[in-house]
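Everything on this sheet refers to the single structure shown next.
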Amino acid sequence: MNQTSENSGTSPETGDTVGNSRLILDRLRKIERLRELGIDPFPARVKRSHSLAEAVELFEAHEATMEGDESSTPARTDAVTVAGRVMARRGMGKMSFLDVRDGSGQIQVQARADVLADDFGLLELLDIGDFVSVSGPVIRTRRGQISVEAQSFGIISKSMRPLPEKWHGLQDAETRVRQRYLDLLSNERAVQNARARSQVASAVRRFMESRGFIEVETPILVPIAAGGFAEPFETHHNALGRDLFLRIATELYLKQLVVGGLDKVFEVGKIFRNEGIDADHNPEFTTMESYEAYADYNDVMRMTEDLVAFVAMEVNGDTVVPAPEGEDGATIDLAPPWPRIDLRQAIIDASGIDFRECSNREALASTMHERGMHVEPNSTWQQLLDKVISASLEPTLVAPTFLVDYPLAMSPLAKKKPGHEDIVERFEAFVLGRELANAFTELNDPVDQRERFEQQERQRDEFDDVEADRLDESFLLAVEHGMPPTGGLGIGIDRLAMLVTGESSIREVTLFPQLRS
RNA sequence: GGGCCUGUAGCUCAGUUCGGUAGAGCAGCGGACUUUUAAUCCGAAGGUCGUGGGUUCGAAUCCCACCGGGCCCA
């Protein structure tokens, strides 16, 4: 989509009437006219005594002091100076009303020819979308609308393009994300989601800090993109003359900090996965990972449910979150404790498949085939099992649920469960059928860890599995120096934001999601 | 990767069934109007119908390819 006018900078003399360039030329003429009048259409500074919300409060407080005083003249504050963007205008000859908005709120401006005198003529050069500065007392109009009675008026920034229509707003899904500022200007929900997301990240930080964790930053550009199952983005460092990757997880660096004696660390940051885009996935997204020495996955489970409930309380004032539009079913209560469900039994219940009785690829493939499930050729055992879980089990996990104790083969960074050779201490949290968090009792046996990585590398070769995890020598070197027993957590900030806003697409909580060209 | 839907004025949408050369509202432009709240009234404008091919006397409409966007499946 490229309908933006390439010749929008042409002079009025060209007489170009194609498309919106005519609208733009009108605006350019107004800018020129302002300059002819000695008015800077883009002044560097603006005086302002009150935000719009403060101006309304000022009036309401003033009006309240006059309560019961029937004989007095109508309420009228001292003059204020406010500024904002003109969102609508209603003109009738010698008087106009403007709806002006700033980040705090909105107020009506009453512009009367007799009060404004010379400044009234400026209204001819004013467009919806322009920023204005207005001085005058706050009053109530005959129709009861709180308004600034403009005694002076100035344009403090001209707009060159029209805003979306006032009544239906901006509907086009593509324009809403490509030009998010228009979405924010015309759809209140976009603003609410942006604020909610900010509050989610802030609440997560406050919670972690209250538990004694410190926030750290680890590299985004890494020589080896390890610590998860994903294909990385590649880049190149010129001065070093080497290829680098964008991280797919923060895990291995954070654990090195635990080795170094930072017992409780967390990081909120972007990670990057070179994979498809859909309602749940953006190639760059934000996670919070935490690592706590001397804790195990049971401790982390308790912390996770407390964290999510805390975030919901902080953002919505309630642990009950709305069900997304279009999904029937009741609202979701995130209050702890959440049920802990054994993964193996849950898969049996959902699909009839017992992964311990299908412990090799062929057995699992044929069992899936018997049940009419699609078996992708050249998949690994764990890819097949993951498919069983995501197809049969995950959609049933609507209320918050922990799935507990995963197969070792799909968890190369998690410690074996005592008494088991093929099960690790790992859990994932699910809400509304979506994965929210992933956590383990971290593997701190360097010999076992090396074997797990080597198994991943073999799998990469044997099955051409580009998403297999990677052996990271510098991480192993750290673990070989001794890593305490540690509980780790990864939780998706985008998913959390979707949860508390009731949105069913990550695009609605990501200001600038990735799009084609 | 496959299927379905979708792209028309700056914005929101009609028009595609059944081919006849594009309409409305808002915004903008000209005019009237000193209490409006989607202000109202009058007037004149504004369009490579996503792009490129094809069929046809004639294509927004039918066919093909491509470029965006959405939903479902994999």
Side-chain angles (χ1 to χ4, degrees), chain A residues 1-8 12 15-30 74 86-101 106-117 120 123-130 139-150 158-179 181-183 185-187 275-281 324-327 368 372-379 383-384 386-387 390-391 395 504-508 513-517:
Chain A
M1 190 170 111
N2 182 19
Q3 82 275 37
T4 52
S5 171
E6 294 300 324
N7 53 359
S8 57
D16 186 354
T17 58
V18 175
N20 62 10
S21 63
R22 165 169 277 190
L23 297 170
I24 290 170
L25 288 177
D26 283 338
R27 303 283 183 114
L28 286 172
R29 281 195 205 95
K30 289 177 181 174
V86 176
M87 300 305 292
R89 71 190 297 185
R90 295 171 293 282
M92 53 216 63
K94 300 222 165 50
M95 176 160 71
S96 277
F97 295 99
L98 309 176
D99 291 336
V100 177
R101 183 202 288 178
Q106 185 162 320
I107 202 164
Q108 177 173 271
V109 169
Q110 177 189 255
R112 300 168 52 140
D114 55 351
V115 177
L116 264 174
F120 192 76
L123 287 175
E124 284 179 23
L125 300 174
L126 180 74
D127 287 291
I128 293 170
D130 294 352
I139 60 164
R140 219 181 251 288
T141 62
R142 271 180 233 165
R143 294 293 176 96
Q145 182 72 47
I146 296 175
S147 307
V148 179
E149 185 190 69
K158 276 296 288 176
S159 60
M160 277 180 53
R161 293 176 185 270
L163 296 178
E165 191 225 3
K166 59 187 168 187
W167 191 241
H168 300 90
L170 179 65
Q171 299 297 326
D172 183 71
E174 188 174 352
T175 309
R176 285 188 53 228
V177 295
R178 286 195 192 274
Q179 296 176 267
Y181 46 91
L182 296 179
D183 190 30
L185 281 171
S186 52
N187 296 315
E275 60 195 14
I277 298 171
D278 63 26
D280 290 320
H281 297 89
E325 281 176 31
E327 290 193 29
M368 287 171 67
M373 303 182 73
H374 175 77
V375 176
E376 192 69 24
N378 206 36
S379 299
Q383 284 172 332
L384 291 177
D386 192 60
K387 153 105 186 174
S390 60
S504 50
S505 170
I506 193 171
R507 283 184 297 271
E508 298 298 336
Q514 200 59 234
L515 296 168
R516 285 172 204 270
S517 61

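Order of the sequence lines fixes the chain letters, A, B, ..., with proteins taken first and strands second; residue numbering starts at 1 for each chain.
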- Task: With heavy atoms under 4.0 Å as the rule, sort A:Gly91 into base, sugar-phosphate or nothing.
- Result: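 Result for A:Gly91 = base.
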- Message: Students often get this wrong, so: under 4.0 angstrom with heavy atoms, is A:Arg140 touching a base, only sugar-phosphate, or nothing?
- Response: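 Contact class for A:Arg140: none.
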[X], nearest nucleotide to its side chain (from [options]):
X        : options             : answer
A:Asp127 : B:C29, B:U35, B:G70 : B:C29
A:Asp26  : B:C26, B:U35, B:C29 : B:C29
A:Leu515 : B:U12, B:G10, B:G69 : B:G69
A:Gln171 : B:U12, B:U37, B:A38 : B:U12

- Applying side chain to side chain contact (heavy atoms under 4.5 Å, CB included) between A:Phe97 and each of A:Met92, A:Arg89, A:Arg112, report the one that passes.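 The single option meeting the side chain to side chain contact (heavy atoms under 4.5 Å, CB included) with A:Phe97 is A:Met92.
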- For atom CZ of A:Phe97 and atom C1' of B:C33, their distance in whole Å: 13 Å
- Message: For the backbone of A:Leu170 and the side chain of A:Arg176, can you confirm whether one donor and one acceptor N or O come within less than 3.5 Å of each other?
- Response: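 Checked: no pair found.
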- Message: Taking donor-acceptor contacts at under 3.5 Å, does the side chain of A:Gln110 reach the base of B:U35?
- Response: yes
I'd like a list of close polar pairs between nucleotides 72-74 of chain B and the protein, N/O only, cut-off under 3.5 Å.
residue, atom, partner, partner atom, Å
B:A74, O3', A:His374, NE2, 3.4

- side-chain N/O A:Arg507 vs B:G70 OP1/OP2, d < 4.0 Å: yes
- Task: Using both distances under 3.5 Å as the test, list the Watson-Crick or G-U wobble partner of B:G1, or none.
- Result: B:C73
